[in-house]
Amino acid sequence: MTGARITLLGSAHTDLTRFLESHPDGHEKAAAVLFRRLHICVDGLPDCDRYIATEIVPFKDAWITGSSPAHMAFDLAPLRELFRRCEEEGLVFGFVHNHPGGPAAFSHIDEENERTLVTAIRNRNGAHITFVAMLWANGEWTARTRSGSSPEESVPVRHTLVVGERIVLFGYRKSSSEHDAVQARQAAAFGKPFVDMLQSLRVGVVGNSGTGSPFGTLGARAGIGELVLIDKDLLAESNLSRVRGLMKRDVGHVKSETLKSFIDGIGVSVRVAAIASDLDTNPDALDALAGCDVIIGCTDDFAGREVMNAAVYAYLQPYIDIGLGGMVDEGKDGHPYLRYHYGRVSTILPEVGQCLFCQGVIKDVWIQTQLARRENPDITDEELKERYLEDGNTDAPGVGPFTSASADFALATLFDLVKPFRRFAPEVRRDMYFIDFVKMEINSHQTVGDSDCPYCRAHEFLLLKESCRLNRPSLGKRDEFV
Ligand SMILES: [Zn+2]
Ligand SMILES: [Zn+2]
(Lines give C-alpha, C1' and ligand atoms only; values in the text may rest on other atoms or scores of the structure.)
(Ligands and ions follow the chains in the order given, each with its own letter.)
Protein backbone atom coordinates (compact mmCIF):
# COMPACT_ATOMS: atom_id res chain seq x y z
CA MET A 1 0.00 0.00 0.00
CA THR A 2 1.55 3.32 -1.02
CA GLY A 3 0.47 6.95 -1.06
CA ALA A 4 0.78 9.97 1.15
CA ARG A 5 -1.14 10.49 4.36
CA ILE A 6 -2.84 13.55 5.79
CA THR A 7 -3.09 14.23 9.53
CA LEU A 8 -5.43 16.79 11.10
CA LEU A 9 -5.91 17.76 14.73
CA GLY A 10 -9.43 17.02 16.00
CA SER A 11 -10.02 20.76 16.56
CA ALA A 12 -8.86 21.60 13.00
CA HIS A 13 -11.22 18.97 11.57
CA THR A 14 -14.13 20.43 13.56
CA ASP A 15 -13.33 24.05 12.58
CA LEU A 16 -12.86 23.15 8.93
CA THR A 17 -16.01 21.05 8.51
CA ARG A 18 -18.13 23.61 10.41
CA PHE A 19 -16.88 26.37 8.13
CA LEU A 20 -17.47 24.35 4.95
CA GLU A 21 -21.06 23.60 6.02
CA SER A 22 -21.82 27.16 7.10
CA HIS A 23 -23.33 28.65 3.90
CA PRO A 24 -26.91 29.76 4.70
CA ASP A 25 -28.21 28.46 1.36
CA GLY A 26 -26.10 25.30 1.37
CA HIS A 27 -23.62 26.49 -1.28
CA GLU A 28 -20.14 25.04 -1.64
CA LYS A 29 -17.42 26.74 0.42
CA ALA A 30 -13.63 26.55 0.26
CA ALA A 31 -10.57 27.00 2.46
CA ALA A 32 -6.82 26.81 2.12
CA VAL A 33 -4.97 24.51 4.50
CA LEU A 34 -1.22 24.89 4.93
CA PHE A 35 0.64 21.63 5.55
CA ARG A 36 4.05 20.59 6.78
CA ARG A 37 5.32 17.78 4.62
CA LEU A 38 7.46 15.07 6.20
CA HIS A 39 9.12 13.22 3.35
CA ILE A 40 10.03 9.87 4.89
CA CYS A 41 11.92 6.99 3.28
CA VAL A 42 12.36 3.86 5.40
CA ASP A 43 14.09 0.71 4.13
CA GLY A 44 11.54 -2.07 3.68
CA LEU A 45 8.49 0.22 3.53
CA PRO A 46 6.92 2.18 0.65
CA ASP A 47 7.88 5.89 0.56
CA CYS A 48 5.13 7.68 2.35
CA ASP A 49 4.87 11.43 2.88
CA ARG A 50 2.97 12.73 5.87
CA TYR A 51 1.12 16.01 5.40
CA ILE A 52 0.42 17.64 8.77
CA ALA A 53 -2.21 20.40 8.70
CA THR A 54 -0.81 23.45 10.52
CA GLU A 55 -3.16 26.29 9.57
CA ILE A 56 -6.63 26.80 8.08
CA VAL A 57 -7.36 29.91 5.99
CA PRO A 58 -11.09 30.09 5.12
CA PHE A 59 -11.79 31.72 1.74
CA LYS A 60 -13.40 35.12 2.31
CA ASP A 61 -16.72 35.86 0.58
CA ALA A 62 -14.91 38.51 -1.50
CA TRP A 63 -12.62 35.80 -2.98
CA ILE A 64 -15.62 33.81 -4.33
CA THR A 65 -16.75 34.86 -7.78
CA GLY A 66 -19.76 32.54 -7.94
CA SER A 67 -21.23 29.63 -6.01
CA SER A 68 -24.19 27.25 -5.77
CA PRO A 69 -24.87 23.96 -3.95
CA ALA A 70 -23.05 22.25 -6.86
CA HIS A 71 -20.24 24.59 -7.89
CA MET A 72 -17.91 27.36 -6.81
CA ALA A 73 -15.50 29.71 -8.61
CA PHE A 74 -12.86 31.85 -6.96
CA ASP A 75 -10.28 34.53 -7.63
CA LEU A 76 -6.63 33.43 -7.60
CA ALA A 77 -5.17 36.85 -6.73
CA PRO A 78 -5.81 36.77 -2.93
CA LEU A 79 -4.15 33.33 -2.74
CA ARG A 80 -0.78 34.61 -3.93
CA GLU A 81 0.07 35.79 -0.41
CA LEU A 82 -0.42 32.19 0.77
CA PHE A 83 1.74 30.87 -2.10
CA ARG A 84 4.47 33.24 -0.91
CA ARG A 85 4.19 31.95 2.64
CA CYS A 86 4.41 28.37 1.39
CA GLU A 87 7.69 29.16 -0.29
CA GLU A 88 9.15 31.14 2.60
CA GLU A 89 8.03 28.82 5.38
CA GLY A 90 8.50 25.56 3.48
CA LEU A 91 4.77 24.69 3.62
CA VAL A 92 2.51 22.88 1.17
CA PHE A 93 -0.65 24.53 -0.16
CA GLY A 94 -3.87 22.57 0.25
CA PHE A 95 -7.20 23.39 -1.39
CA VAL A 96 -10.24 22.18 0.55
CA HIS A 97 -13.90 22.41 -0.47
CA ASN A 98 -17.18 20.58 0.03
CA HIS A 99 -19.99 19.04 -2.01
CA PRO A 100 -23.04 19.81 0.15
CA GLY A 101 -25.28 17.38 -1.72
CA GLY A 102 -22.54 14.90 -2.67
CA PRO A 103 -21.08 13.12 -4.49
CA ALA A 104 -18.08 12.13 -2.34
CA ALA A 105 -15.84 12.17 -5.40
CA PHE A 106 -13.86 14.88 -7.18
CA SER A 107 -15.60 16.36 -10.25
CA HIS A 108 -14.31 17.52 -13.64
CA ILE A 109 -14.48 21.12 -12.41
CA ASP A 110 -12.36 20.15 -9.38
CA GLU A 111 -9.82 18.66 -11.80
CA GLU A 112 -9.60 21.97 -13.68
CA ASN A 113 -9.45 24.08 -10.50
CA GLU A 114 -6.63 21.95 -9.09
CA ARG A 115 -4.56 22.09 -12.29
CA THR A 116 -4.97 25.87 -12.34
CA LEU A 117 -3.85 26.13 -8.71
CA VAL A 118 -0.86 23.78 -9.12
CA THR A 119 0.27 25.64 -12.25
CA ALA A 120 -0.01 29.01 -10.46
CA ILE A 121 1.97 27.75 -7.43
CA ARG A 122 4.57 26.10 -9.67
CA ASN A 123 5.02 29.26 -11.72
CA ARG A 124 5.71 31.19 -8.54
CA ASN A 125 7.56 28.68 -6.34
CA GLY A 126 9.12 26.13 -8.75
CA ALA A 127 8.47 22.65 -10.12
CA HIS A 128 9.49 20.90 -6.86
CA ILE A 129 6.21 21.90 -5.14
CA THR A 130 3.55 19.46 -4.04
CA PHE A 131 -0.14 20.21 -3.62
CA VAL A 132 -2.99 18.67 -1.61
CA ALA A 133 -6.70 18.65 -2.50
CA MET A 134 -9.30 17.62 0.09
CA LEU A 135 -13.02 17.15 -0.46
CA TRP A 136 -15.62 17.01 2.34
CA ALA A 137 -18.83 15.26 1.26
CA ASN A 138 -21.29 12.86 2.93
CA GLY A 139 -19.36 13.11 6.20
CA GLU A 140 -16.16 11.78 4.59
CA TRP A 141 -12.79 13.21 3.58
CA THR A 142 -11.48 12.27 0.15
CA ALA A 143 -8.02 13.57 -0.71
CA ARG A 144 -5.34 13.48 -3.35
CA THR A 145 -1.98 15.08 -4.11
CA ARG A 146 -0.34 16.57 -7.19
CA SER A 147 3.16 17.76 -7.97
CA GLY A 148 4.46 20.81 -9.77
CA SER A 149 6.31 18.61 -12.26
CA SER A 150 3.06 16.98 -13.50
CA PRO A 151 0.00 19.05 -12.51
CA GLU A 152 -2.32 16.89 -14.66
CA GLU A 153 -1.58 13.76 -12.64
CA SER A 154 -3.29 13.20 -9.26
CA VAL A 155 -2.44 10.52 -6.68
CA PRO A 156 -5.02 9.44 -4.08
CA VAL A 157 -3.81 9.63 -0.48
CA ARG A 158 -3.63 6.47 1.58
CA HIS A 159 -5.87 7.94 4.29
CA THR A 160 -6.77 11.09 6.18
CA LEU A 161 -6.26 10.71 9.93
CA VAL A 162 -8.03 12.94 12.45
CA VAL A 163 -6.39 12.90 15.90
CA GLY A 164 -8.80 14.12 18.56
CA GLU A 165 -10.23 12.21 21.55
CA ARG A 166 -9.73 9.10 19.45
CA ILE A 167 -8.35 8.55 15.96
CA VAL A 168 -10.68 8.61 12.99
CA LEU A 169 -9.59 7.46 9.54
CA PHE A 170 -11.18 8.59 6.29
CA GLY A 171 -10.63 7.50 2.73
CA TYR A 172 -8.70 4.31 3.56
CA ARG A 173 -8.67 1.47 1.05
CA LYS A 174 -10.32 -1.92 1.34
CA SER A 175 -7.92 -4.65 2.39
CA SER A 176 -7.44 -7.79 0.28
CA SER A 177 -9.81 -10.78 0.45
CA GLU A 178 -6.89 -12.92 1.61
CA HIS A 179 -6.33 -10.52 4.52
CA ASP A 180 -10.08 -10.43 5.26
CA ALA A 181 -10.10 -14.23 5.53
CA VAL A 182 -7.35 -14.05 8.20
CA GLN A 183 -9.22 -11.28 10.03
CA ALA A 184 -12.72 -12.78 9.83
CA ARG A 185 -13.01 -13.50 13.57
CA GLN A 186 -11.82 -10.01 14.50
CA ALA A 187 -14.21 -8.45 11.98
CA ALA A 188 -16.96 -10.37 13.79
CA ALA A 189 -16.22 -8.20 16.85
CA PHE A 190 -15.36 -4.83 15.29
CA GLY A 191 -16.57 -4.87 11.67
CA LYS A 192 -14.87 -4.78 8.27
CA PRO A 193 -13.99 -1.02 8.34
CA PHE A 194 -11.94 -1.66 11.51
CA VAL A 195 -9.95 -4.33 9.65
CA ASP A 196 -9.32 -1.93 6.74
CA MET A 197 -8.30 0.91 9.08
CA LEU A 198 -5.78 -1.21 11.00
CA GLN A 199 -4.33 -2.41 7.69
CA SER A 200 -3.88 1.23 6.60
CA LEU A 201 -1.91 2.25 9.72
CA ARG A 202 1.85 2.52 10.09
CA VAL A 203 2.73 1.86 13.73
CA GLY A 204 6.12 2.47 15.34
CA VAL A 205 7.18 0.13 18.17
CA VAL A 206 10.08 1.56 20.17
CA GLY A 207 11.77 -1.12 22.29
CA ASN A 208 11.43 -4.70 21.07
CA SER A 209 11.89 -6.79 24.18
CA GLY A 210 9.48 -7.97 26.91
CA THR A 211 6.56 -5.69 25.88
CA GLY A 212 7.61 -4.65 22.35
CA SER A 213 7.89 -8.21 21.04
CA PRO A 214 4.38 -9.33 22.13
CA PHE A 215 2.96 -6.03 20.85
CA GLY A 216 4.74 -6.40 17.49
CA THR A 217 3.81 -10.03 16.93
CA LEU A 218 0.17 -9.76 18.02
CA GLY A 219 -0.16 -6.36 16.30
CA ALA A 220 0.94 -7.96 13.02
CA ARG A 221 -1.48 -10.86 13.49
CA ALA A 222 -4.26 -8.39 14.36
CA GLY A 223 -3.78 -6.76 10.96
CA ILE A 224 -1.63 -3.62 11.42
CA GLY A 225 -0.40 -2.96 7.87
CA GLU A 226 3.07 -1.56 8.55
CA LEU A 227 5.37 -1.81 11.55
CA VAL A 228 8.53 0.17 12.27
CA LEU A 229 10.56 -1.67 14.93
CA ILE A 230 13.19 0.44 16.71
CA ASP A 231 15.73 -1.18 19.07
CA LYS A 232 19.50 -1.44 18.87
CA ASP A 233 20.03 -3.74 21.87
CA LEU A 234 21.23 -7.29 21.55
CA LEU A 235 19.21 -10.29 22.72
CA ALA A 236 20.46 -11.87 25.93
CA GLU A 237 20.05 -15.38 27.30
CA SER A 238 17.64 -14.06 29.98
CA ASN A 239 15.32 -12.72 27.23
CA LEU A 240 14.39 -16.32 26.38
CA SER A 241 11.98 -16.28 29.33
CA ARG A 242 9.58 -13.77 27.75
CA VAL A 243 10.57 -12.27 24.38
CA ARG A 244 8.20 -13.44 21.63
CA GLY A 245 9.69 -15.06 18.55
CA LEU A 246 13.10 -15.41 20.16
CA MET A 247 15.06 -18.67 19.65
CA LYS A 248 18.25 -19.64 21.43
CA ARG A 249 20.18 -19.23 18.15
CA ASP A 250 19.15 -15.51 18.13
CA VAL A 251 20.93 -14.65 21.39
CA GLY A 252 23.50 -11.96 20.61
CA HIS A 253 21.56 -10.64 17.59
CA VAL A 254 19.85 -7.24 17.36
CA LYS A 255 16.35 -7.27 18.90
CA SER A 256 14.61 -5.23 16.18
CA GLU A 257 16.09 -7.27 13.33
CA THR A 258 15.30 -10.61 14.98
CA LEU A 259 11.71 -9.54 15.65
CA LYS A 260 11.35 -8.36 12.05
CA SER A 261 12.44 -11.70 10.64
CA PHE A 262 10.08 -13.54 12.99
CA ILE A 263 7.10 -11.35 11.99
CA ASP A 264 8.04 -11.63 8.30
CA GLY A 265 7.75 -15.39 8.70
CA ILE A 266 4.24 -15.39 10.23
CA GLY A 267 2.63 -15.06 6.80
CA VAL A 268 0.16 -12.23 7.45
CA SER A 269 -0.30 -9.01 5.47
CA VAL A 270 2.27 -6.73 7.13
CA ARG A 271 5.39 -4.88 6.01
CA VAL A 272 8.09 -4.48 8.64
CA ALA A 273 11.13 -2.23 8.93
CA ALA A 274 13.80 -2.69 11.61
CA ILE A 275 15.91 0.24 12.84
CA ALA A 276 18.87 -0.66 15.04
CA SER A 277 19.50 2.65 16.80
CA ASP A 278 18.52 4.97 19.65
CA LEU A 279 15.80 7.56 19.17
CA ASP A 280 17.47 10.45 20.94
CA THR A 281 20.84 10.16 19.19
CA ASN A 282 20.06 9.00 15.65
CA PRO A 283 18.26 11.14 13.06
CA ASP A 284 17.34 8.07 10.96
CA ALA A 285 15.47 6.51 13.88
CA LEU A 286 13.59 9.74 14.55
CA ASP A 287 12.73 10.13 10.85
CA ALA A 288 11.37 6.59 10.72
CA LEU A 289 9.35 7.36 13.84
CA ALA A 290 8.03 10.64 12.39
CA GLY A 291 6.60 8.70 9.44
CA CYS A 292 4.30 6.61 11.66
CA ASP A 293 0.59 7.19 12.31
CA VAL A 294 0.79 5.86 15.88
CA ILE A 295 3.70 5.24 18.28
CA ILE A 296 3.96 2.48 20.88
CA GLY A 297 6.59 3.02 23.59
CA CYS A 298 7.90 -0.29 24.95
CA THR A 299 11.14 0.94 26.47
CA ASP A 300 12.64 1.80 29.87
CA ASP A 301 14.67 4.52 28.17
CA PHE A 302 13.68 7.93 29.58
CA ALA A 303 15.50 9.95 26.91
CA GLY A 304 13.69 7.96 24.20
CA ARG A 305 10.36 8.49 25.96
CA GLU A 306 11.00 12.23 26.07
CA VAL A 307 11.48 12.22 22.28
CA MET A 308 8.22 10.29 21.75
CA ASN A 309 6.41 12.64 24.15
CA ALA A 310 7.55 15.62 22.04
CA ALA A 311 6.64 13.86 18.79
CA VAL A 312 3.00 13.52 19.94
CA TYR A 313 2.66 17.30 19.72
CA ALA A 314 5.11 18.17 16.95
CA TYR A 315 4.04 15.44 14.52
CA LEU A 316 0.46 14.74 15.78
CA GLN A 317 1.15 11.13 16.66
CA PRO A 318 -0.98 9.31 19.24
CA TYR A 319 1.44 7.58 21.61
CA ILE A 320 0.70 4.56 23.80
CA ASP A 321 3.39 3.98 26.44
CA ILE A 322 3.75 0.71 28.35
CA GLY A 323 5.59 0.41 31.68
CA LEU A 324 5.90 -2.18 34.42
CA GLY A 325 6.68 -1.71 38.07
CA GLY A 326 6.46 -3.50 41.34
CA MET A 327 7.96 -4.26 44.68
CA VAL A 328 9.41 -7.55 45.85
CA ASP A 329 9.78 -8.40 49.55
CA GLU A 330 11.23 -11.39 51.26
CA GLY A 331 8.65 -13.77 52.63
CA LYS A 332 8.86 -15.68 55.94
CA ASP A 333 10.09 -18.70 54.01
CA GLY A 334 13.10 -16.69 52.79
CA HIS A 335 11.84 -16.58 49.19
CA PRO A 336 10.75 -13.43 47.39
CA TYR A 337 7.09 -12.49 47.39
CA LEU A 338 5.38 -9.83 45.29
CA ARG A 339 4.10 -6.97 47.42
CA TYR A 340 2.68 -5.45 44.27
CA HIS A 341 3.26 -5.63 40.54
CA TYR A 342 1.50 -3.68 37.85
CA GLY A 343 1.49 -2.90 34.16
CA ARG A 344 0.81 0.70 33.13
CA VAL A 345 -0.70 1.82 29.82
CA SER A 346 -0.58 5.57 29.08
CA THR A 347 -2.25 7.14 26.06
CA ILE A 348 -0.90 10.56 25.04
CA LEU A 349 -2.96 12.56 22.53
CA PRO A 350 -2.07 16.05 21.31
CA GLU A 351 -5.24 17.81 22.48
CA VAL A 352 -6.60 15.52 25.21
CA GLY A 353 -5.26 14.40 28.60
CA GLN A 354 -1.81 14.69 30.16
CA CYS A 355 1.64 14.15 28.70
CA LEU A 356 4.15 11.63 30.08
CA PHE A 357 5.83 14.27 32.30
CA CYS A 358 2.50 15.27 33.86
CA GLN A 359 1.59 11.61 34.33
CA GLY A 360 4.82 11.23 36.35
CA VAL A 361 6.18 8.58 34.00
CA ILE A 362 9.28 10.59 33.12
CA LYS A 363 11.15 13.26 35.07
CA ASP A 364 13.96 15.54 33.96
CA VAL A 365 16.20 14.22 36.73
CA TRP A 366 15.74 10.61 35.52
CA ILE A 367 16.67 11.65 31.97
CA GLN A 368 19.76 13.47 33.29
CA THR A 369 20.72 10.40 35.33
CA GLN A 370 20.39 8.16 32.31
CA LEU A 371 22.53 10.50 30.21
CA ALA A 372 25.14 10.72 32.98
CA ARG A 373 25.29 6.90 33.09
CA ARG A 374 25.57 6.73 29.32
CA GLU A 375 28.46 9.22 29.37
CA ASN A 376 30.21 7.41 32.20
CA PRO A 377 29.05 3.81 32.68
CA ASP A 378 31.23 3.49 35.82
CA ILE A 379 29.58 6.37 37.69
CA THR A 380 28.67 5.37 41.27
CA ASP A 381 25.41 6.01 43.11
CA GLU A 382 27.35 8.36 45.44
CA GLU A 383 28.59 10.44 42.51
CA LEU A 384 25.07 10.62 41.13
CA LYS A 385 23.76 11.77 44.52
CA GLU A 386 26.41 14.48 44.68
CA ARG A 387 25.09 15.77 41.36
CA TYR A 388 21.51 15.57 42.73
CA LEU A 389 20.65 12.83 40.29
CA GLU A 390 18.40 9.85 41.05
CA ASP A 391 17.39 6.73 39.25
CA GLY A 392 13.83 6.23 38.04
CA ASN A 393 14.62 2.65 37.19
CA THR A 394 14.47 0.03 39.85
CA ASP A 395 15.54 -3.35 38.61
CA ALA A 396 12.04 -4.70 38.04
CA PRO A 397 11.68 -8.45 37.72
CA GLY A 398 10.82 -9.66 34.23
CA VAL A 399 7.74 -11.87 34.37
CA GLY A 400 6.48 -13.11 31.01
CA PRO A 401 2.73 -13.14 31.71
CA PHE A 402 2.91 -9.57 33.14
CA THR A 403 4.96 -8.04 30.30
CA SER A 404 2.87 -9.88 27.74
CA ALA A 405 -0.48 -8.98 29.33
CA SER A 406 0.55 -5.30 29.51
CA ALA A 407 1.41 -5.35 25.79
CA ASP A 408 -1.95 -7.01 25.04
CA PHE A 409 -3.74 -4.27 27.01
CA ALA A 410 -1.83 -1.67 24.95
CA LEU A 411 -2.91 -3.31 21.67
CA ALA A 412 -6.51 -3.36 22.90
CA THR A 413 -6.03 0.36 23.73
CA LEU A 414 -5.04 0.97 20.10
CA PHE A 415 -8.19 -0.92 19.03
CA ASP A 416 -10.23 1.33 21.33
CA LEU A 417 -8.69 4.46 19.77
CA VAL A 418 -9.65 3.24 16.29
CA LYS A 419 -13.05 1.77 17.23
CA PRO A 420 -14.16 2.75 20.76
CA PHE A 421 -15.57 -0.24 22.62
CA ARG A 422 -14.49 0.26 26.25
CA ARG A 423 -16.73 1.48 29.06
CA PHE A 424 -14.44 2.98 31.67
CA ALA A 425 -15.41 3.04 35.34
CA PRO A 426 -15.47 6.69 36.55
CA GLU A 427 -12.37 6.23 38.72
CA VAL A 428 -10.29 4.93 35.80
CA ARG A 429 -8.66 7.50 33.51
CA ARG A 430 -8.56 7.01 29.79
CA ASP A 431 -5.05 8.45 29.49
CA MET A 432 -3.42 6.32 32.18
CA TYR A 433 -4.49 3.09 33.82
CA PHE A 434 -2.75 0.37 35.78
CA ILE A 435 -3.38 -3.35 35.71
CA ASP A 436 -2.56 -4.61 39.20
CA PHE A 437 -1.51 -8.23 38.74
CA VAL A 438 -1.46 -8.93 42.49
CA LYS A 439 -4.78 -7.41 43.59
CA MET A 440 -6.40 -8.17 40.21
CA GLU A 441 -7.69 -4.61 39.75
CA ILE A 442 -7.58 -1.90 37.11
CA ASN A 443 -7.11 1.59 38.50
CA SER A 444 -5.59 5.04 37.82
CA HIS A 445 -3.19 7.34 39.64
CA GLN A 446 -4.45 10.83 40.27
CA THR A 447 -1.49 12.99 39.27
CA VAL A 448 -1.76 16.77 39.44
CA GLY A 449 0.42 17.63 36.47
CA ASP A 450 2.01 20.95 35.67
CA SER A 451 -0.48 23.71 34.87
CA ASP A 452 2.17 25.38 32.66
CA CYS A 453 3.46 22.18 31.06
CA PRO A 454 5.02 23.14 27.68
CA TYR A 455 3.69 19.91 26.13
CA CYS A 456 0.11 19.33 27.28
CA ARG A 457 -0.90 22.74 28.71
CA ALA A 458 1.01 25.62 27.07
CA HIS A 459 1.20 23.55 23.86
CA GLU A 460 4.61 24.94 22.92
CA PHE A 461 5.35 21.78 20.94
CA LEU A 462 1.98 21.58 19.15
CA LEU A 463 2.61 21.83 15.38
CA LEU A 464 6.17 22.87 16.19
CA LYS A 465 8.04 24.91 13.60
CA GLU A 466 11.29 22.97 13.41
CA SER A 467 14.58 24.64 12.63
CA CYS A 468 16.09 21.19 13.12
CA ARG A 469 14.53 17.88 14.18
CA LEU A 470 12.30 18.63 17.21
CA ASN A 471 14.52 21.75 17.57
CA ARG A 472 17.34 19.57 18.91
CA PRO A 473 20.53 20.63 17.10
CA SER A 474 22.15 17.27 17.99
CA LEU A 475 19.66 15.53 15.67
CA GLY A 476 20.46 17.71 12.66
CA LYS A 477 18.32 19.54 10.12
CA ARG A 478 15.55 17.68 8.37
CA ASP A 479 15.48 17.89 4.57
CA GLU A 480 11.72 17.53 4.27
CA PHE A 481 11.24 19.10 0.90
CA VAL A 482 13.06 16.68 -1.33
ZN1 LIG B 1 -15.98 20.00 -6.20
ZN1 LIG C 1 2.30 17.82 30.44
Side-chain angles (χ1 to χ4, degrees), residues 16-17 19-21 23 26-33 59 63-74 94-118 131-146 154 156 160 170-171 297 302 305-314 316-321 344 346-367 429-432 444-464 470:
L16 197 50
T17 52
F19 169 75
L20 291 173
E21 292 172 349
H23 195 285
H27 289 195
E28 289 189 9
K29 287 188 82 99
V33 173
F59 279 23
W63 302 0
I64 309 293
T65 53
S67 74
S68 76
H71 102 290
M72 187 206 21
F74 53 88
F95 174 68
V96 183
H97 79 297
N98 64 328
H99 289 172
F106 289 105
S107 69
H108 292 300
I109 301 169
D110 297 337
E111 182 78 28
E112 277 171 39
N113 279 343
E114 289 171 28
R115 287 181 190 193
T116 307
L117 280 164
V118 176
F131 168 89
V132 173
M134 292 176 74
L135 171 66
W136 177 248
N138 301 345
E140 287 277 341
W141 286 115
T142 308
R144 58 191 185 188
T145 61
R146 291 175 192 266
S154 68
T160 298
F170 296 95
F302 295 114
R305 276 189 175 126
E306 189 201 12
V307 170
M308 291 185 272
N309 191 62
V312 172
Y313 302 90
L316 308 190
Q317 294 170 302
Y319 164 31
I320 299 171
D321 186 89
R344 173 191 47 78
S346 297
T347 306
I348 323 298
L349 294 163
E351 292 188 302
V352 184
Q354 293 184 332
C355 77
L356 269 197
F357 281 101
C358 290
Q359 291 192 10
V361 175
I362 45 176
K363 287 185 189 172
D364 277 325
V365 65
W366 295 345
I367 298 167
R429 289 166 49 171
R430 273 176 191 273
D431 66 347
M432 187 200 2
S444 293
H445 277 191
Q446 288 306 327
T447 51
V448 179
D450 173 0
S451 58
D452 298 323
C453 173
Y455 296 99
C456 63
R457 293 288 190 277
H459 275 157
E460 284 169 26
F461 285 79
L462 194 63
L463 300 169
L464 185 75
L470 293 176

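Whatever order the structure lists them in is the order used to number ligands and atoms, beginning at 1. Keep in mind that what you see is a predicted model, and the values were worked out from it rather than measured.
- Under 2.8 Å from the Zn ion (ligand 1) lies no N/O/S atom of Glu28, from backbone or side chain alike.
- Between NE2 of His99 and OD2 of Asp110, the angle at the Zn ion (ligand 1) works out to 90°, rounded to 10 degrees.
- Taking the six-membered ring where tryptophan is involved, the planes of His99 and His97 are perpendicular, since the angle between them exceeds 60° and thus also 30°.
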- Take Val96 and Val132, measure what side chain to side chain contact (heavy atoms under 4.5 Å, CB included) needs, and give me the verdict at the end. CA-CA 8 Å; Val96 183; Val132 173; over 6 Å; no
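- Side-chain atoms of Ser154 and Glu114 form no donor-acceptor pair, as typed in the model, at a separation below 3.5 Å.
- Between Ile348 and Tyr455, every side-chain heavy-atom pair lies at or beyond the 4.5 Å cut-off.
- Not one N/O/S atom of His71, from backbone or side chain, sits under 2.8 Å from the Zn ion (ligand 1).
- Atom NE2 is the N/O/S atom of His97 found closest to the Zn ion (ligand 1).
- For the 3.5 Å distance criterion, the side chains of Ser107 and Asp110 qualify, holding a donor opposite an acceptor.
- Rounding to the nearest 10°, we obtain 110° for the angle at the Zn ion (ligand 2) between Cys358 SG and Cys453 SG.
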